[in-house]
Protein chains: 2
Amino acid sequence: MSTPRKAPTMADVARLAGVSPMTVSRAFKRDASVSDATRSAILEAADSLGYVFDSTASNLRSQRTDFVAVTIPSINNANFADTVRGLSEGLKERGLQILLGYTDYDIQEEERLVEQLLRRRPEAIVVTGGRQTPRTRRLLENAGIPVIETWDLPDNPVGHVVGFSNAAAVRSMVDHFVSVGITRIAFIGGDADRDTRGTDRRAGFIAAMQAHGLDPDRLIAAGTPPISMREGADAMGRLLDTLPDTQAVICVSDLSAFGALTECQRRGVNVPGQIAVAGFGDYEIAGICVPSLTTINPLPREIGKRAAELILDVLDGTQAGPATIALEPILMRRQSSP
Amino acid sequence: MSTPRKAPTMADVARLAGVSPMTVSRAFKRDASVSDATRSAILEAADSLGYVFDSTASNLRSQRTDFVAVTIPSINNANFADTVRGLSEGLKERGLQILLGYTDYDIQEEERLVEQLLRRRPEAIVVTGGRQTPRTRRLLENAGIPVIETWDLPDNPVGHVVGFSNAAAVRSMVDHFVSVGITRIAFIGGDADRDTRGTDRRAGFIAAMQAHGLDPDRLIAAGTPPISMREGADAMGRLLDTLPDTQAVICVSDLSAFGALTECQRRGVNVPGQIAVAGFGDYEIAGICVPSLTTINPLPREIGKRAAELILDVLDGTQAGPATIALEPILMRRQSSP
DNA sequence: TTCGCCAGAGATAACGATAACAAAATGGTA
DNA sequence: TACCATTTTGTTATCGTTATCTCTGGCGAA
């Protein structure tokens, strides 16, 4: 089934096609000047030998890998997956491939990952950013390639930024509830600072409540981030048990919000009649569950798309200094809130 | 912010540490014989220079990349994400990194992808398998590395297999319904053969119905695979409109099944009282939605874990011939069915 | 004392493509 | 026909690490 003999190289193809290895190399590039006759002869020879281009050699000699390194907290998250898809589509046309790694929401793991990725000499690196270990930061600063932080607006960014303010996004939700007369608002989130974005959302909730002169203490800790649907449901149970006069609850993600919704269903608690529920992320489920879920769409696909464009501009030299692209998340009013 | 000067190499580190480049190389390996004093001096020198190991050169010279290529249909799918996580964890201890690509459920795209991945000279390749273009098959056969097909049990595998029978899994669901006296069963799936596993599930449904002497024609085409929650809901609407005497419906995935459930909620159709609903995948949502969803757990994490073990065994030479590991998906009886 | 063994370190060449430069072939024009 | 511009092809050296072989010094056993 497999071929034990050594894989053919360009030299083998060149010999068979009666040209020099350099011409074979050119034939495998797009725009290189090779006559049609020669190129097809070469491709035919390559095909008959079962030749597969070896990018390890190409990478070393040309000092280009056509990799863009991307770190995301979790592979199992539709929002980050959308960002990766946006990136991937934007980079594909230029022949750039994504080298993906996930940090499991752990900045120590992120440090290991970033170092591993940089060893592969990517053309650029995209991190789901905000906070990182000092060493990670140093690695990024000295990497000598474009660095893009996403999903956040860091105070002191390493390089470029394509993101949004998690705190401001949650504030807009609080403002919305207050504008319709709701004042007793709770927040369901993680019980640790592992997930920096989740932490920012909770901080945004507290700040917004205080800005309205409201009590920001209805905080339900739902477990180690990221919070699952089940943990969201459990947290909602505790909220209904301990603070039954709560009028609305904002959840750190749509998944926990959906879990919370199901707990209300199980208990016969009417949403939004007795309590309003809001999420974050605008996952597909938010639009289709019953009642549909009020949430915030942080434009994950757009983040990826803009990051890809930015990378291409920087690599082309079109983009000079560090850019910060701040996106405006969209409040999606649906049935789970008034 | 970035360093315009050329990145330091092992030679620079060697000079600063007062040793030969070869010794630096050894110091960066695990088991290589370097005295502790020398090693720490080298690492210190490397750190002070901001040296980052260059694997492009290492890859070429050592003919090893420590990549395992993995293709999945979609990055935005919790089942495949679980398989990737299982793979990733199993390979990490050996220093193998995953090079991930997705095919968008398109075998032409898969062909392009497989070729791109093979150019990077991975140590092994894992495909979400079953059917591929002739050229893809040829590329895999001649790649000279272990090939693992997953999520399927192909009739004529390229190499190794870690999967299950999609048809048999759906048959078990049909058998379950028949065993509780349900005979008018429908199937909601895609309207094209793009998704080979979805197609197998539909074929399994038809065969199982025929085996029981039942009518297999209650087939609802829900759109281009993969079917979304929304498309599942629309399909359920059509089913209720056109075949209102249907007693149960099996959906090609949990996502479409959940969409179908929500449509029942919207119409006030009782599940499972008026109609039973089943899905496929055992996504988290299946366990928590109301009513919870009867489904099939295909053990996605286990697939990844076993595939990783198999790869390590093959690379070690422990595993001789091509292996086929057939897993048994688990029928999860929940509230959406009797 | 001699020999063998081994840990620790160095010297050399090579992995397979391509950047950079050079030369030959081609085509159009004066 | 001669000449220049352009296209097409070839030659040489090299990217940064490491496989492989060699060498040195120290230590224990005979």
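Each chain gets a letter, A, B and so on, in the order its sequence line appears, and its residues count up from 1.
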Q: Contact class for B:Thr23 vs. all strands (heavy atom < 4.0 Å): base, sugar-phosphate, or nothing?
A: sugar-phosphate
Q: Between D:dT14, D:dT18, C:dG10, spot the one nearest the side chain of B:Ser20, thanks.
A: C:dG10
Q: Quick one: which residue pairs count as a ring-ring contact (aromatic ring centres under 6.0 Å, His included) with a foot in residues 57-83 of chain B, not counting sequence neighbours?
A: A:Phe67-B:Phe67, B:Phe80-B:Trp151
Q: Base of C:dG10, side chain of B:Arg26 - is there a donor-acceptor contact under 3.5 Å?
A: yes
Q: Between C:dT18, D:dT20, D:dT9, which nucleotide gets closest to the side-chain atoms of A:Thr38?
A: D:dT9
Q: Of all the choices, D:dA19, D:dG10, C:dG16, which nucleotide is nearest to the side chain of B:Met22 once you look at every atom?
A: D:dA19
Q: Counting the atoms with a prime plus P, OP1 and OP2 as sugar-phosphate, which does B:Phe28 contact under 4.0 Å by heavy atoms, base, sugar-phosphate, or nothing?
A: nothing
Q: Return the orientation label for the A:Phe28 and A:Phe53 ring planes: parallel under 30°, perpendicular over 60°, tilted otherwise.
A: tilted
Q: Among residues at least two apart in sequence or on other chains, which ones pass side chain to side chain donor-acceptor pair (under 3.5 Å) with B:Arg85?
A: B:Asp82
Q: Go through D:dG16, C:dG10, D:dT18 for me and flag the one nearest to the B:Leu60 side chain.
A: D:dG16
Q: For the side chain of A:Ser62, starting at C-beta, report the closest nucleotide among C:dT18, D:dT17, C:dG10.
A: C:dT18
Q: Return the nearest nucleotide to the side chain of A:Ser58; candidates are D:dT18, C:dC21, C:dT18.
A: C:dT18
Q: Quick one: which of D:dT18, D:dT14, C:dA9 gets closest to the side chain of A:Arg61?
A: D:dT14
Q: Does A:Lys6 make a side-chain N or O approach to OP1 or OP2 of C:dG16 shorter than 4.0 Å?
A: yes
Q: From the options D:dT17, C:dG8, C:dG16, select the nucleotide whose nearest atom is closest to the side chain of B:Phe53.
A: D:dT17
Q: Name the closest nucleotide to the A:Gln63 side chain, picking from C:dA17, D:dC15, D:dA19.
A: D:dC15
